[in-house]
J.: 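Let me give you the structure first, and then I'll get to my questions.
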There are 2 protein chains.
Amino acid sequence: MATLTPKQREILEREAKILDVARPMVVREGYHGLNMDKIAEKVSYSKGTIYNHFSCKEEIIIALAVQNSAKRVQLFQKAAQFKGCSRHRMIAISAAAELFVRNYPDFFQFERILQLDSVREKTSEKRQSIIHNCEMQCMSIVAGVVRDAVASEDLELPKQFTPEKLVFGLWSLTSGAYSIAAASDALQQMGIDDPFETVRDHIAALLDGFNWQPISDQYDIDKLLKRIQKEVLNDE
Amino acid sequence: MATLTPKQREILEREAKILDVARPMVVREGYHGLNMDKIAEKVSYSKGTIYNHFSCKEEIIIALAVQNSAKRVQLFQKAAQFKGCSRHRMIAISAAAELFVRNYPDFFQFERILQLDSVREKTSEKRQSIIHNCEMQCMSIVAGVVRDAVASEDLELPKQFTPEKLVFGLWSLTSGAYSIAAASDALQQMGIDDPFETVRDHIAALLDGFNWQPISDQYDIDKLLKRIQKEVLNDE
DNA sequence: CTTCATTATTGACGGAGCGTCAAAAAAATC
DNA sequence: GATTTTTTTGACGCTCCGTCAATAATGAAG
């Protein structure tokens, strides 16, 4: 169980190689650019062998998404360990989310493709649940910080308003913004040259709206972000 | 120019018929479920005739989106005419946006498909710009209300923060939320049974965060929404 | 080392579905 | 009624997915 036979090694390496070849195809040419015959040609194995690894084209796309999905959890976990008050930890997680979008833009392209029912339908439950679990882990890290904030009385949520609802709002805001930013042309036209900065401002406003202490004018956001960068996200 | 020949009438009617047949195919079976041969069979015209109307499959999808895109502008325009303070007009527009999502969920499915570069690439500039213009009109209606708010001193934006940036935030929040809600399964799991209500709460929080007067605890949201419903959105 | 069984690889093939285009039909013009 | 123009048709070519019988490689046993 411990070590692998040469054959097993070869299979693992080949799987990685297939994905390495497929990734730029999808990134550069989108869903229709991913071509099973071309992959087979590029990795110098037959099409049948590719199908031994992935049951269909769509399965390759979700496998590419899986490759990145754990990274976000890892970044969120590190960010949540930031030493500071609850709000500052929340900011740290936002910074992690921004970093993830900047460093792994491919992931969101894969996700957009997988949003189509007719694509996702063809993918395996197994990989679907890996991605789903990563997402849920991220959400629950954020929810944890929100609960800490409530516990420490930095934040008082309205009646009936659960921490999960706040997470949903933050998640919507950021994912919506990054999705619009990717489509892009509209933003230029509106004079928004740094969407990331604007998202940060909106997160601050949203948290202020819930009166999550300390309010945004009570700390120096630039200094805070530098500290976050240095203390929990330095090696990215 | 004024009236149409019988032939021209027939062509227009046929175009509508094609879209009528295509719509449920896309809605029910997604991008892959749209099949040119099936359409031809269902409308009882040959495939070649379909291609006289639409240069490709993707063009049909964008035409379906175009069918709905003007409706949102219309709803936004009506909502912006709500008699009240700037913040209440903003709420009216949010209500219009919510109504649009509820009544025209298809539109967002088409939009998700068209977000894929490999799909949008194949569509005509003409239809792309129709949709783009509608979106821009909506944005500028919202921006107008924001500017009114600034002019009437209900709202003071931070330095460097343009009305367009606020629009971007609201747009991100709502489109992100509705997109997540459509994917759905995650929300149930988080105990969010009414995403629309949660979005409303977040919009309120965001506007509060910018200190847009009157703050949310200074008015009765339920009464306000009823008035909006009655006065500008009644016939929907 | 040889034989046999098991597993892995191959690529020709079937089939689905998009988009085309030469021929046929219909409409318009003279 | 003849001729030109426009419209319609559906068989066809093409691309690309996914399969599977045949072949090759690997491993086990004698």
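The structure presented is a predicted model; accordingly, all values stated were derived computationally and were not measured. Every chain is numbered from 1 and lettered A, B, ... according to where its sequence line falls, protein lines coming before strand lines.
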J.: For Lys17(A) and Glu13(A): C-alpha separation, side-chain torsions, deciding distance, then whether salt bridge (charged side-chain N to carboxylate O under 4.0 Å, His left out) applies.
T.: CA-CA 6 Å; Lys17(A) 197 176 172 190; Glu13(A) 274 168 20; over 6 Å; no
J.: For Glu58(B) and Tyr31(B), what are the C-alpha separation, side-chain angles and deciding distance, and is it a side-chain hydrogen bond (donor to acceptor under 3.5 Å, both in side chains)?
T.: CA-CA 9 Å; Glu58(B) 287 74 15; Tyr31(B) 176 69; 2.5 Å; yes
J.: Measure CZ/Phe54(A) against C1'/dT19(D) and give the value in whole Å, please.
T.: 18 Å
J.: Nearest to the side chain of Tyr51(A), heavy atoms from C-beta on, is which of dT9(D), dG18(D), dT9(C)?
T.: dG18(D)
J.: Just the rounded figure in Å: distance from P of dT15(D) to NZ of Lys57(B).
T.: 18 Å
J.: In whole angstrom, give the distance that lies between atom CG of Asn52(B) and atom P of dT20(C).
T.: 11 Å
J.: Give a yes or no on whether the backbone of Thr123(B) and the side-chain of Gln128(B) come within a donor-acceptor separation of less than 3.5 Å.
T.: yes
J.: Taking only side-chain N and O atoms of Arg14(A), does any of them lie within less than 4.0 angstrom of OP1 or OP2 on dA8(C)?
T.: no
J.: From CD of Glu59(B) over to P of dG19(C), roughly how many Å is that when rounded to an integer?
T.: 11 Å
J.: Kindly assign one of parallel, tilted or perpendicular to the pair Phe108(B) and Phe100(B), based on the angle between their ring planes and the thresholds 30° and 60°.
T.: perpendicular
J.: Could you write out each protein N or O paired with an N or O of nucleotides 22-24 of chain C at a distance under 3.5 Å?
T.:
none

J.: Angle between ring planes, Phe210(A) versus Phe161(A), binned at 30° and 60°: parallel, tilted or perpendicular?
T.: tilted
J.: Under 4.0 Å between a side-chain nitrogen and a carboxylate oxygen: does that hold for Asp201(A) and Lys165(B)?
T.: no
J.: Ignoring backbone atoms, establish whether Lys122(B) has a side-chain N or O less than 4.0 Å from OP1 or OP2 of dG19(C).
T.: yes
J.: Evaluate the salt bridge (charged side-chain N to carboxylate O under 4.0 Å, His left out) criterion for residues Glu164(A) and Arg147(A): first the C-alpha distance (whole Å), next the side-chain angles of each, then the deciding distance (0.1 Å), finally the verdict.
T.: CA-CA 9 Å; Glu164(A) 280 71 21; Arg147(A) 266 188 288 271; 3.2 Å; yes
J.: Could you identify which residues of residues 24-46 of chain B place a heavy atom less than 4.0 Å from some atom of DNA chain D, listed by residue number, or say none?
T.: Tyr45(B), Ser46(B)
J.: CD1 of Ile50(A) versus C1' of dG11(C): gap in Å, rounded?
T.: 13 Å
J.: Is the base of dG19(C) touched by the side chain of Lys47(B) through a donor-acceptor pair closer than 3.5 angstrom?
T.: yes
